[in-house]
Amino acid sequence: MDTIFLNPTTWDLDVDASGSIALSSSAYSVAQDVASQSLLWRGEAPYNTGDGIPYEQSVLGQRPAQATLAAWYQQEALRVPDVASATPVLIYDQARGVTGQIQVTLTDGTSINV
């Protein structure tokens with residue numbers, strides 16, 4: 001499934017060689033959609049207010065359990081079409097930051113890291 005391509009450096013729209021809005025497809029498209037879904041704040045999507053991570057309610061200024069945060073990221077990744085499984089690998093650092101990736105397997109068997 002195609003999606004609008006977001007420049008990985010700026011996370012903004014880009015254009016293709018003909019000057020049209022660029023599209024991405026295949027595994028890159030799904031990876032981009034998983035990343036976008038993981039950045040969604042709960043309530044931010046007007047027609048799907050239950051989607052998203054409860055950043056404001058349960059993350060900012062708090063330190064949710066790593067398993068809880070991983071479950072939220074997994075749930076959001078599984079909302080993306082063509083995602084068969086998702087395994088978040090998160091690391092808390094000493095400054096209360098979180099880094100990591102989501103290991104995704106697509107319905108066609110392709111594996112990608114987001």
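Nothing here was measured: the structure is a model prediction, and the numbers come from that model.
- Counting heavy-atom neighbours within 6.0 Å of Glu56 CD, excluding the residue itself, gives a total of 12 or less.
- Residues Ile102 and Ser38 form a side-chain contact, since some pair of their non-hydrogen atoms from C-beta on lies under 4.5 Å apart.
- No continuous path of ILVMFWY side-chain contacts below 4.5 Å connects Val34 to Leu40, so the two sit in separate hydrophobic clusters.
- Heavy atoms only, all atoms of each residue included: Glu44 and Leu39 are closest at OE1-O, 4.3 Å.
- Listed by chain and number, the residues in a side chain to side chain donor-acceptor pair (under 3.5 Å) with Asp16 are Ser18 (sequence neighbours excluded).
- Hydrophobic clustering, with ILVMFWY side chains joined whenever heavy atoms are under 4.5 angstrom apart, groups Tyr92 together with Leu60.
- In this structure, the side chains of Val104 and Leu106 come closer than 4.5 Å at one or more pairs of heavy atoms.
- Listed here is the closest heavy atom pair of Arg79 and Asp51: NH1-OD1, 2.8 Å.
- In plain terms, the two heavy atoms of Gln37 and Val80 that are nearest each other are CB-CG2, 4.1 Å.
- Looking at Thr99 and Leu90, their side chains never come closer than 4.5 Å, going by heavy atoms from C-beta outward.
- If you take OG1 on Thr49 and CZ on Arg42, they are separated by 9.5 Å, rounding to the nearest 0.5 Å.
- Contacts classified as side-chain hydrogen bond (donor to acceptor under 3.5 Å, both in side chains) and involving residues 21-34 (residues at least two apart or in different chains) are given here: Thr3-Asp33.
- Between Leu69 and Pro64, the shortest heavy-atom distance links the atoms CD1-CG, 4.5 Å.
- Between the CG atom in Leu6 and the CG atom in Leu13 there is a gap of 6.5 Å [rounded to 0.5 Å].
- Under the 4.5 Å side-chain heavy-atom criterion for grouping Ile, Leu, Val, Met, Phe, Trp and Tyr, Trp72 is connected to Leu78 within one hydrophobic cluster.
- At a threshold of 4.5 Å between non-hydrogen side-chain atoms, the residues Tyr73 and Val98 do not count as touching.
- Across every non-hydrogen atom of Gln74 and Pro88, the tightest pair is N-CG, 3.6 Å.
- Cluster membership for Ile53 and Trp11, using ILVMFWY side-chain heavy atoms within less than 4.5 angstrom, is not shared.
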